[in-house]
Amino acid sequence: MSAQAKPLGAVQKMARLTRVFGTPALRVRFVRGLRFRLMLSYVIFFSLLLVALGLLFRHELKTQLDGDVETLLNDDWGAIKGWVSIENARPKWEQPEDEDETGIVAQLKQVYFIADDRGNALEYSDEYQSLRLDSRSEIQRILELPEGKTEYTVRRDGEGKPYLIKRGWMAGPRRRLHYFLAMGRSLADSQRTVAQLTRDYFLFLPVLIALSSLLGWIFAGRALGPLNSVAQAALNITGSNLSLRIPQRGAGDELDRLIHSFNRMTARLSQSFEQIRRFSTDVSHELRTPLTSIRGQLEVALFTAETPEQYREAMTNALEDVERLSSIVRALLLLSEAESGQLALQKAPLDLGEVALDIVEQFQIPAQEKALRLRANIVPGCVVPADRVQIDRLLSNLLSNAVKYTPAGGSVWVRVGPAESPTFASVEVEDSGVGIAAGDLPHIFDRFYRVRNAETNRVSGLGLGLSFVSWIVEAHGGRIDVASTPGAGTRFRILLPREAEPVAPRQAEPEAALRNA
Ligand code: ATP
Ligand code: MG
């Protein structure tokens with residue numbers, strides 16, 4: 001008994017498919033891959049183009065070849081009238097004189113039909129008969145055509161071979177009598193040529209499509225190659241080496257723009273990481289100082305204090321440090337509330353000059369301690385719709401900075417007045433302090449950003465004050481700009497709109513509001 005191939009079970013079929021084409025997941029990844037999709041669109045476009053070109057070419061060729069047959073038929077039509085005439089109601093052919101003429105007459109006699117004016121057939125060739133002789137009514141209709149007018153038609157013989165037929169009439173010996181004349185030429189050659197060329201073209205088409213797929217695959221691979229290397233380079237960038245940059249290829253194309261954007265993104269990320277790292281250091285430093293101090297005070301109370309006064313003093317000092325600790329924590333909480341949009345503004349008409357004088361008053365003591373001249377120049381009547389608590393905070397932060405970053409003997413000016421634009425009021429805080437380098441200026445409003453140099457390192461701070469300032473100005477629909485010359489001083493200028501903007505209802509102000517972050 002011969003071994004017969006058993007039909008494959010479903011599991012075996014799957015196993016064979018997997019061996020040949022990979023797992024279904026792999027296949028899906030391949031088909032969804034950019035390279036495959038690029039190649040597919042290229043091949044679809046190319047195939048449609050080739051088919052359209054083929055059809056156009058076929059149509060043009062057919063028109064051209066059919067036109068050639070028509071020209072030959074017209075020549076025959078002109079020639080036959082010189083060779084045949086009607087005598088005694090019968091067609092009479094001239095005798096050819098040489099071999100050439102015999103050939104011409106033989107050609108004319110291949111496909112023709114002559115009938116009289118009543119539709120009686122007078123003479124016709126066998127080939128014409130196989131195409132079907134025209135009916136009497138058809139002949140009558142043709143005989144009524146105006147002089148010189150003819151009609152073309154295509155007819156097929158018993159085997160399906162097509163002929164182009166030309167029908168019209170010719171005048172008899174007495175000119176009023178017309179005779180029906182039809183002649184034909186085979187279209188078989190031209191149609192065969194068209195069919196042959198079309199078949200060859202469409203047989204060759206799959207080869208062209210296969211070739212174009214291969215080329216499409218190679219081109220798509222080349223175009224996407226750099227993308228893979230970019231992806232590989234991106235993979236090497238981790239949190240610990242954010243300074244790595246993907247090298248530009250210098251082609252100035254979309255991919256270079258992508259690399260550029262990617263590098264800028266990692267640069268920004270790296271900056272944010274650095275800020276967060278610096279912030280953790282600053283926060284731990286800021287929190288450690290009061291904590292160490294509290295611990296010292298408590299140790300004093302526990303081990304060395306003897307009198308109630310000594311206990312009281314240690315407790316009071318510890319309480320002050322606890323107060324400082326909670327103010328830092330409150331500042332952080334407040335900023336996060338402000339930036340997440342949870343902080344409400346309580347806007348009411350506010351005289352900016354009055355607020356500024358209050359704050360200047362409060363800062364006179366710290367300014368005098370540092371031997372600074374603090375002056376206010378107020379134009380009265382600058383009323384803006386604003387939240388008093390926030391404007392207090394804004395001015396306190398600016399003044400605190402001016403006092404902190406101005407060395408002893410310097411000056412601080414506060415100016416309130418109308419701005420150039422009548423719809424705004426202006427608040428300026430200027431100092432003759434250490435100034436800010438141009439490279440640091442774009443960052444000073446960033447959260448936790450602190451300028452690091454010999455002068456500023458001596459001053460404590462979290463780098464949060466100006467983040468508050470920037471948020472408050474923005475929340476009031478105002479603008480802030482800063483001009484600074486290192487070593488000479490800094491000027492912050494704030495413009496606040498005089499008209500209240502329509503604001504969405506906001507939640508109530510949280511109870512703890514920190515005046516000076
Ligand atoms: P905080 O205000 O949170 O206690 P800070 O004063 O360091 O800390 P910001 O008020 O946000 O933080 O200021 C950011 C940085 O901008 C400061 O660290 C300082 O280097 C610089 N800066 C701000 N104001 C001035 C100024 N008037 N003169 C010079 N440098 C300034
Ligand atoms: Mg500050």
Side-chain angles (χ1 to χ4, degrees), residues 271-272 274-290 323-339 359-360 362-363 366-367 370 372-375 390 392-415 427-474 480-494 513-517:
Q271 208 178 25
S272 307
E274 177 58 20
Q275 273 180 25
I276 291 171
R277 197 189 56 73
R278 282 207 314 225
F279 168 68
S280 322
T281 320
D282 286 350
V283 168
S284 22
H285 177 77
E286 289 293 313
L287 295 181
R288 209 177 50 215
T289 318
E323 194 49 49
R324 178 165 157 68
L325 266 184
S326 35
S327 75
I328 293 173
V329 174
R330 275 208 304 269
L332 289 174
L333 272 176
L334 201 63
L335 189 63
S336 101
E337 274 178 12
E339 290 188 347
I359 305 287
V360 167
Q362 287 169 29
F363 273 87
K370 275 191 83 178
L372 299 178
R373 268 159 40 96
L374 173 55
R375 295 277 174 275
Q390 305 302 341
D392 269 5
R393 181 176 293 139
L394 179 151
L395 283 168
S396 301
N397 273 305
L398 290 179
L399 267 172
S400 133
N401 282 351
V403 171
K404 275 201 301 191
Y405 301 110
T406 304
S411 304
V412 177
W413 299 271
V414 177
R415 297 184 200 96
V427 179
E428 277 182 23
V429 176
E430 188 175 350
D431 61 56
S432 62
V434 297
I436 305 166
D440 291 311
L441 271 183
H443 306 294
I444 55 171
F445 294 100
D446 293 352
R447 217 167 151 172
F448 314 125
Y449 190 86
R450 300 204 69 217
V451 176
R452 299 290 171 162
N453 58 37
E455 288 108 351
T456 53
N457 277 348
R458 283 199 295 270
V459 183
S460 70
L462 285 174
L464 292 176
L466 287 181
S467 307
F468 274 111
V469 170
S470 142
W471 173 77
I472 294 166
V473 172
E474 202 177 302
I480 182 164
D481 66 59
V482 45
S484 186
T485 312
T490 307
R491 192 197 68 194
F492 285 89
R493 183 159 189 255
I494 285 146
L514 189 75
R515 175 159 265 223
N516 186 1

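Not measured: the values here are computed from a predicted model. Atoms within each ligand, like the ligands themselves, are counted from 1 in listed order.
Under 4.0 Å from ligand 1, the heavy atoms of Ile436 that appear belong solely to its side chain. Contacts with ligand 1 closer than 4.0 Å are made by heavy atoms of both the backbone and the side chain of Val451.
Residue Ser400: no N/O/S atom is found under 2.8 Å from the Mg ion (ligand 2).
The shortest N/O to N/O separation between Arg450 and ligand 1 falls below 3.5 Å. An N or O contact shorter than 3.5 Å links Asp431 to ligand 1 by distance. Residue contacts with ligand 1: Leu466 is placed with a nitrogen or oxygen under 3.5 Å of a nitrogen or oxygen of the ligand (distance criterion only). Here's the thing with Val434: none of its N/O atoms is less than 3.5 angstrom from an N/O atom of ligand 1. Checked against a 3.5 angstrom limit, the closest N/O atoms of Asn397 and ligand 1 fall outside it.
Less than 4.0 angstrom separates some heavy atom of Gly463 from each of these atoms of ligand 1: 1 (P), 3 (O), 5 (P), 7 (O), 8 (O), 11 (O), 12 (O). Applying the 4.0 Å criterion to heavy atoms of Gly461 picks out, from ligand 1, the atoms 4 (O), 8 (O). Heavy-atom proximity to Tyr449, at under 4.0 Å, picks out these atoms of ligand 1: 14 (C), 15 (C). Ligand-side atoms of ligand 1 in range of Ile444: 14 (C), 16 (O), range being under 4.0 angstrom from any heavy atom.
Judged purely by atom type and a 3.5 angstrom limit, Asp431 uses its side chain to pair as donor or acceptor with the backbone of Thr490. Side-chain atoms of Asn397 come within 3.5 Å of backbone atoms of Arg393 as a donor-acceptor pair (strictly under, hydrogens ignored). Between the side chain of Thr406 and the main chain of Ser411, no donor-acceptor pair closer than 3.5 Å is present. No donor-acceptor pair under 3.5 Å is formed between the side chain of Lys370 and the backbone N or O of Pro407.
Taking Arg277 as the reference, Glu274 meet the side chain to side chain donor-acceptor pair (under 3.5 Å) condition, with sequence neighbours excluded.
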Test log, rule salt bridge (Lys or Arg N to Asp or Glu O under 4.0 Å), inputs Glu430 and Arg491: CA-CA 4 Å; Glu430 188 175 350; Arg491 192 197 68 194; 5.3 Å; no
Phe492/Asp481 under side-chain contact (heavy atoms from CB on, under 4.5 Å): CA gap, chis, key distance, verdict: CA-CA 6 Å; Phe492 285 89; Asp481 66 59; over 6 Å; no
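Proximity of Gly433 to ligand 1 is not established, as no heavy-atom distance is less than 4.0 Å. Using a 4.0 Å cutoff on heavy atoms, Arg452 does not count as a contact of ligand 1.
For the pair Lys404 and Val459, the tightest heavy-atom approach, listed with the atom from each and the gap, is CD-CG1, 3.3 Å.
In this structure, Leu372 CG and Phe363 CZ are separated by 11.5 Å, a value rounded to the nearest 0.5 Å. One finds the CG atom of Leu466 at 13.5 Å from the NE2 atom of His443 (value rounded to the nearest 0.5 Å).
Checking Phe445, Tyr405, Phe492, Phe468 against atom 29 (C) of ligand 1, the nearest heavy atom belongs to Tyr405.
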